[in-house]
There are 2 protein chains.
Amino acid sequence: MNAPVSIREVAAHAGVSVGTVSNVLNRPDIVAQSTRDRVHEAIKALGFVRNESARQLRAGRSRIIGLVVLDVANPFFTDVARGVEDEASRSGLAVILCNSDDQLPKETRYLELLEEHRVQGILITPVAGPDERLALLQRRGTPVVLLDSTSPSGGQCSVAVDDVLGGDVAMSHLLDGGHQRLAYIGGPLSIRQVADRRDGALRALARAGRDPAVLQMIETRALNVYAGQQAGMAIAALPPRRRPTGVFCANDLIALGLLQEMTRHRIGVPEDIAIVGYDDIDFAAAAAVPLSSVRQPRQQLGRTAARLLLEESLAAEDHTHRQVTFQPELEIRQSSRAGPGTW
Amino acid sequence: MNAPVSIREVAAHAGVSVGTVSNVLNRPDIVAQSTRDRVHEAIKALGFVRNESARQLRAGRSRIIGLVVLDVANPFFTDVARGVEDEASRSGLAVILCNSDDQLPKETRYLELLEEHRVQGILITPVAGPDERLALLQRRGTPVVLLDSTSPSGGQCSVAVDDVLGGDVAMSHLLDGGHQRLAYIGGPLSIRQVADRRDGALRALARAGRDPAVLQMIETRALNVYAGQQAGMAIAALPPRRRPTGVFCANDLIALGLLQEMTRHRIGVPEDIAIVGYDDIDFAAAAAVPLSSVRQPRQQLGRTAARLLLEESLAAEDHTHRQVTFQPELEIRQSSRAGPGTW
DNA sequence: AGGACCATTTGACACGTTCCAATCGGACCT
DNA sequence: AGGTCCGATTGGAACGTGTCAAATGGTCCT
C-alpha cells in the first residue's frame, strides 16, 4: 500500500541525521545510548525495514548464495541444499535455490540471473559438466564451486563423492554374495555419475578376475522410478535362468521402481534378485524390502561446498582451488542380504 | 577479480551516453539500429552484466518471489515449488525458496529477510497459522498469499485443498470396502491438515451411520516415515482380532512407514490391513504394494498461488482477497483394493 | 530560405544506503 | 582563559540504474 519508509524518515522522526541512523544499525557501539534508544523507537513507530538492494548496491555484492541443482524433487539435492543452507545462515547469508531441471537453457538463465544479482557465489551441479560459462563467471568475479562434479582443469573448487569407489563397493558386495549373473541399470551414460558408477562396478569385476561381459547393462533414459519400472519389466520378461541375480542400480529411484516391478511379478527380493541402490534416500530404508544402498554424505557435501565458497569469496587474490572428495559408504539392508537362488 | 563493468563504461566504449545504453537494454525500439548494434558490441566486449540491485533500488520492488515452506525435503512442497516457479518464470521472476523447518524463529528470520529484499510477494505455509506478522507485512506493502492454509479473517489470498473432503473420501472408500475396525494415524493434531483430515473421516463415519468410536486414533509426533513405523509396531503388537483392518494415514510418509512395518511382520496388505495415504507422492505409486492415496493438485496449487500473488501485486488499491479451494481426488491402488479378512 | 516536425540522443536527477572527513560541544589540563 | 582532546554527530559523496524533459540534428514542406 503505502511506500516503504526510508532511513531518512526515521532520521527526521528521531531528530537525528541519516548517518546516525545508519550507525545505529551497523555500529551501535559508537552511538550514545540515548540517541540509540530514540532511533530504535522511531524505527519501531514507523515500521522501518532496511532495503537490502540499496545496501548491496553500496557493498558491491549481495548476501545471497546461488544454488543450482538438477532437480529439486530429488532427495539427494534437498539434503545437499539443507547442508548449504545451514552453513550459509551461520554467515547471515540466504540461499536462492534454482532448479535447472537438467535443461541447459534453464541453467543458463539462472546463471545470468544470479550474476545480475551479484551473488556472493554460485554452487552448481552443471547439466553438462564444467563449462566455459562457469570460467567466465569466475573471471568476472563470481566464485563458483562445483557440486558433485569436478573440473578437469582445476579451474574451480569442487566437492564430490567418489562415484567410482561407490560402484566398486556396491559390485564387490554383490560378488561377495556369490552372484554370477549381474546387471547394472542406469542412464543416460552421458551423466558422469552414471558412467563412473558403472566403471566402479567394472573395476570390482576386474579385480575379482571376472569377465566384464557378465555385467549386463540396461541403459535407461532417466534416473527416476518410472525408468526403474521399465527396466524391471524387461528383466521380468526374461526367462528365469537368464535373469540377473544381482542388480546394481545407478540410484535409489531406479532401484525402487525395479523393486516394485519385482514384487508385482512375484520375483523374490532378495531370494531371486538382490538389489543395491545408490544415494540412500529416506525411502530406501522405508521400502517394503529395505533397500541396500550406497550412501553419500549429502549434508556434509552441501556444508563443505558452502564453506569452500565462503573461503574463496573472502580470500583475495591468492586463492588456490581445492577439490574435496568424499567417500561413499555401503549400507547393507535386506534387499541384498541373501545369496543367489539356484536353478 | 576485477570489479564488474558498469553501464557507464559501456557507454564510454560505445561512444554514447549512459541513457542510451539504458534504452538499448529496456526499450530497444526507440534507439536507432546502428547505435543499438554498437552498444551491444560494447556490452559483449566488456562483459557487462546488469546490476539487479541497482535496478530494484530504482524500481522499488525486486523481481523475486519468496516461497516459505515447512520442509523442502517433503515432495509435496517440492511439487508446489515447481508450480510456483513455472508461473513465476513466465513473468521473469525468480523464486527464493526458504525452508522454515517448522520452526517459528527460522520462519520469522526468513520473513524479515524477504521483506528487506523488497520481494514482489511472499507465498507461505505458516508454521502456526496466519499471523499478525503476516498482516503487518501486507500493510507495509508486501503481498502475502497463504499456501495450503486459510485465513479466517480473509485478510489474505489463499490457496488450499479441502482436507476435510479428502479425509471424507478416504474413509468412505474404506467403509465401502466393508471394513469394521478403522484407524486414523497422524499427528500432531495441532497441525490443521491433520485435524481436518480426521474430521473428514469422522464426517464419513457419521454419514454412514457409524459410531465415531469405531475409529481408533493413533496420534504421532510427526508426519514422517519413522512415525509411521512406530505406529505400525503398535498395531502389529495388537492381537489380530483387535487390529484395525482399514487404516487411513494423514500422509504418505506415515503410510509408507506403516506399510513397511506390516511387511516386516508379515501382515498382508491389503488382505489383513488396507491402507490409504495422503498426498500421492511419487513413492506412493512406487511402493512395493502400490499405495492408495488422496491426491492434491500440487503443481496447480503452486501455480495458482503464484498467479494470485501477481494479481495482487499488480492490482492497485481495489484488490479483494480470494480464497481458492481445490478438491482432492482419491487414487485407488492395490493397498486398499480387497475387503477385510475374516476371523 | 525559413520553419516545422520527427527520430535520436543527451544530461541530470532520484532511488536508499554506507562510509568518511569534517564539525560540534563539552570536559579536562595547564 | 586558552588550548587540547575525545566522543558523538553531521553532511555529503558515492554505488549503478531508469526515467524524463530538454537538446540536437536532419528532412521535408511551403
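Reminder, nothing fancy here: chain letters follow the sequence lines and each chain counts from 1.
- Between A:Ser22 and C:dT17 there is no side-chain N or O to OP1 or OP2 distance below 4.0 Å.
- Side chains of A:Gln323 and A:Thr150: a donor-acceptor N/O pair is absent below 3.5 angstrom, by distance only.
- Residue contacts for A:Ser6: at a heavy-atom cut-off of 4.0 Å it reaches the sugar-phosphate backbone alone, with no base atom in range.
- The side chain of B:Thr35 lies closest to C:dT8, out of C:dT8, D:dA8, C:dT17.
- Atom C1' of nucleotide C:dC15 and atom CZ of B:Arg61 are separated by 14 Å, given to the nearest angstrom.
- Between the B:Asp131 side chain and the B:Leu134 main chain, no donor and acceptor come within less than 3.5 Å of each other.
- Residue B:Thr20 places none of its side-chain N or O atoms closer than 4.0 Å to OP1 or OP2 of C:dT8.
- Checked by distance alone, A:Arg58 brings no side-chain donor or acceptor within 3.5 Å of a matching partner on the base of C:dT17.
- Rounded to an integer number of Å, the gap from A:Asp37 CG to D:dT9 C1' is 16 Å.
- Taking side-chain N and O atoms only, A:Ser53 has no distance below 4.0 Å to OP1 or OP2 of C:dT17.
- Of the candidates C:dT17, D:dG18, D:dG16, D:dG18 carries the atom nearest the B:Arg55 side chain, counting heavy atoms from C-beta on.
- Considering only the side chain of B:Leu57, C:dC15 comes nearest among C:dT10, D:dT10, C:dC15.
- For the pair A:Arg118 CZ and D:dG16 C1', the interatomic distance rounds to 9 Å; values are reported in whole Å.
- The 5' end of DNA chain C is approached more closely, in terms of each residue's nearest nucleotide, by B:Gly15 than by the other of A:Val5 and B:Gly15.
- Ranking C:dT17, D:dG18, D:dT9 by closeness to the B:Asn26 side chain, first place goes to D:dG18.
- When only modelled atom types and interatomic distance are considered, B:Thr108 and B:Arg133 share a side-chain donor-acceptor pair under 3.5 Å.
- A donor-acceptor contact closer than 3.5 angstrom is absent between the side chains of A:Ser100 and A:Glu107.
- Closest approach to the B:Asn51 side chain among D:dT19, D:dT17, D:dG11 is made by D:dT17 (side chain taken as heavy atoms from C-beta onward).
- Straight-line distance from the CZ atom of A:Arg50 to the C1' atom of C:dG16: 12 Å, rounded to whole Å.
- A side-chain N or O of A:Gln193 and one of A:Asp148 form a donor-acceptor pair less than 3.5 Å apart.
- The side chain of B:Ile7 approaches D:dG18 more closely than any other nucleotide in the set C:dG16, D:dG18, C:dT8.
- Between B:Leu25 atom CG and D:dG16 atom P the separation is 15 Å, expressed in whole Å.
- Rounded to an integer number of Å, the gap from CZ of B:Arg27 to P of C:dA7 is 15 Å.
- As a whole-Å value, the separation of B:Gln56 CD from C:dT17 P is 13 Å.
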